[in-house]
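Following: one structure in structure tokens, then a few remarks.
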Number of protein chains: 2
Amino acid sequence: MMLSDVMEDYLKTIYQLQREGDDRIRTSEIATELDVTSPTVTSMLEKLEERGLVDREKYRGVTLTEEGKTVALEVVRHHRLLEAYLTEHLDYDWSEVHEEADRLEHHISEDFEARVAAALDDPDVDPHGSPIPGADLEPPTASDAESVTQFEEGDVVVVEEVADHDPEVLSYLADHGVEPGVELEILEIAPFGMITAQAIGADGPVSLPADVARHVRVASPSGVEH
Amino acid sequence: MMLSDVMEDYLKTIYQLQREGDDRIRTSEIATELDVTSPTVTSMLEKLEERGLVDREKYRGVTLTEEGKTVALEVVRHHRLLEAYLTEHLDYDWSEVHEEADRLEHHISEDFEARVAAALDDPDVDPHGSPIPGADLEPPTASDAESVTQFEEGDVVVVEEVADHDPEVLSYLADHGVEPGVELEILEIAPFGMITAQAIGADGPVSLPADVARHVRVASPSGVEH
DNA sequence: TTTTATTTTTAGGCTCACCTAATTCATGTC
DNA sequence: GACATGAATTAGGTGAGCCTAAAAATAAAA
Ligand SMILES: [Mn+2]
Ligand SMILES: [Mn+2]
Ligand SMILES: [Mn+2]
Ligand SMILES: [Mn+2]
């Protein structure tokens, strides 16, 4: 099936919105995410439905079909492999890779994908800690990580994933020691949701506004229940 | 200036046709090269003229403006750097790189370009021996290489560049020892232009039909006049 | 249950890059 | 100098992906 890069981005977006909870994805969510208007989304969803890539219930949103999910996973695999390759082999910082990968993901061949994966020795996660779908394009198994906002003052957690793409935010977090693999002690949770934490090895504590903290996904160290 | 990838390909094509001799490039040449129809080319040339990227004399073809040439050199630089990177760092064969580079050239950032150039230590030529324009985007100085068809039986020459992109042809040539840097003794020139030559280090001689030989550019060893 | 507010779809239009068919121009020949 | 030939342009049309404005459906409030 020959799909345009725009179609690929719609499918990827629907996939990622589905990962974040909702079962049916609504027109307006996609429009916001892709920065287009609702009518534009509606007509694209019609095309994707015709191609058997989404199931659509008019006025009630869409879900990916198995085929649509496979395409989305392919794009996500490209994206995350590229992010990993750029940081490992071309000296990019984790804050810089998203934009580059977002364009290239649609233009690399399967051969390129395979060679990049080989050069990286088939990595499991990208620089933000997000799982890279395997070459079989099966959905990666959900990790046990949860948003740091689910924890309490005094908890000690390990950062698994930072699901944010804003370069400014990522630079700031790295400067304050918040990166995948780092241990974090939650010092304070403000009433408006801001979390202040101390990263092991960092100079001082760091404060994360609610909407930033939401994207920092963590696990209890050594699988301890919290 | 924001240019589409299609516009970039038109400018690159005009640049490369100009390198091959003709001063003014005609509509039909571009159409053949890009595999589109003449009316399509005409309307694109009008757009490029409006943008100041080509000078156009109606019914008589176009030439690149300085600005158009700079854009073309930028695309060529991307293309050749990518080809070099793919062979050096991702284990591609020289016969496989063209197609991949032809897509990616339009989608890499200036940052990516710089990092690739750095990883390769600012190479002068791509895997086919073609010069890579510098970051300053000045036109590379024409080498003293000529097509091997300009030489005679008995001449010994050094392959500088193989200006062909067909993977089959390139594989065949490499299998018979014809690659940049290799010394070649011209054994026979057939009346219909086919050249038979012995590559130093290769098992046996290789025969190149006229249209293949034309793309093999060579120089006399150590600058000797022929 | 009716009214109101929000979301989605329909209707109609735009630009880009392509096409085919018809016309016009340039050029070389009689 | 008129004419045939081939190349280039004009004319008109398509599909992809976007838009705004208007209408319809759903969801929330009265
Ligand atoms: Mn993308
Ligand atoms: Mn792939
Ligand atoms: Mn290209
Ligand atoms: Mn560049």
Side-chain angles (χ1 to χ4, degrees), chain A residues 1-14 17-18 20-64 68 71-72 75 102-103 105-107, chain B residues 1-14 17-18 20-64 68 71-72 75 102-103 105-107:
Chain A
M1 170 152 2
M2 193 52 213
L3 296 176
S4 69
D5 51 349
V6 174
M7 283 177 170
E8 287 182 354
D9 272 337
Y10 275 82
L11 294 170
K12 185 180 77 165
T13 298
I14 295 166
L17 289 170
Q18 275 185 326
E20 285 173 16
D22 318 342
D23 193 34
R24 258 212 197 75
I25 306 304
R26 312 160 114 282
T27 301
S28 54
E29 295 179 81
I30 301 169
T32 302
E33 201 64 31
L34 291 176
D35 202 28
V36 294
T37 59
S38 291
T40 300
V41 174
T42 297
S43 82
M44 179 55 81
L45 293 180
E46 282 167 357
K47 278 179 218 157
L48 294 174
E49 187 184 28
E50 269 171 39
R51 298 236 204 175
L53 295 162
V54 302
D55 287 324
R56 180 157 172 268
E57 208 173 327
K58 227 168 146 180
Y59 289 100
R60 286 161 195 285
V62 290
T63 56
L64 292 176
V71 172
V75 179
D102 224 21
R103 270 177 292 108
E105 64 190 2
H106 311 290
H107 304 288
Chain B
M1 174 155 358
M2 194 54 212
L3 296 177
S4 70
D5 51 349
V6 174
M7 283 176 170
E8 287 181 353
D9 272 336
Y10 275 81
L11 293 171
K12 184 180 76 164
T13 298
I14 295 166
L17 289 170
Q18 275 185 327
E20 286 174 16
D22 318 341
D23 191 36
R24 257 213 198 75
I25 306 304
R26 313 163 115 286
T27 301
S28 54
E29 295 180 80
I30 300 168
T32 302
E33 200 64 31
L34 291 176
D35 203 29
V36 295
T37 59
S38 290
T40 300
V41 174
T42 297
S43 82
M44 179 55 82
L45 293 180
E46 282 166 357
K47 277 180 220 158
L48 294 174
E49 187 184 27
E50 270 172 39
R51 298 232 202 178
L53 296 162
V54 302
D55 286 324
R56 181 160 171 266
E57 208 173 325
K58 229 170 146 182
Y59 289 101
R60 287 159 196 282
V62 291
T63 56
L64 292 177
V71 172
V75 179
D102 225 21
R103 270 176 293 107
E105 63 189 4
H106 310 289
H107 304 289

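Below, read A as the first sequence line, B as the second, and so on, with proteins coming before strands; counting in each chain starts at 1.
We find that CD1 of A:Ile30 is positioned 15 Å from P of C:dT7, with the value rounded to whole Å. Here C:dA17 presents its C1' atom at 15 Å from CD of B:Glu8, a figure rounded to the nearest Å. Atom NZ in B:Lys58 sits roughly 12 Å away from atom C1' in C:dT23 (whole-Å rounding). Between B:Leu45 atom CG and C:dA17 atom P the separation is 13 Å, expressed in whole Å. Per the geometry, CD belonging to A:Glu46 stands 15 Å off P belonging to D:dG15, to the nearest Å. A:Tyr59 places its OH atom 13 Å from the P atom of D:dA23, with the value rounded to the nearest Å.
When the options A:Thr37, A:Thr42, A:Val36 are evaluated for a side-chain contact (heavy atoms from CB on, under 4.5 Å) with A:Pro39, the one that passes is A:Thr37.
In this structure, the side chains of B:Met7 and B:Leu53 stay at 4.5 Å or more apart for every pair of heavy atoms. Annotation: side chain of B:Leu11 is not in contact with side chain of B:Val75 (no heavy-atom distance under 4.5 Å).
In this structure, the side chain of B:Gln18 engages the main chain of B:Asp23 through a donor-acceptor pair within 3.5 Å.
Each of A:Pro39 and B:Ser28 lies near DNA chain D, and the nucleotide nearest B:Ser28 is the one positioned closer to the 5' end.
Here D:dG17 is the nucleotide among D:dG17, C:dC19, C:dA17 with the atom lying nearest to any side-chain atom of A:Val6.
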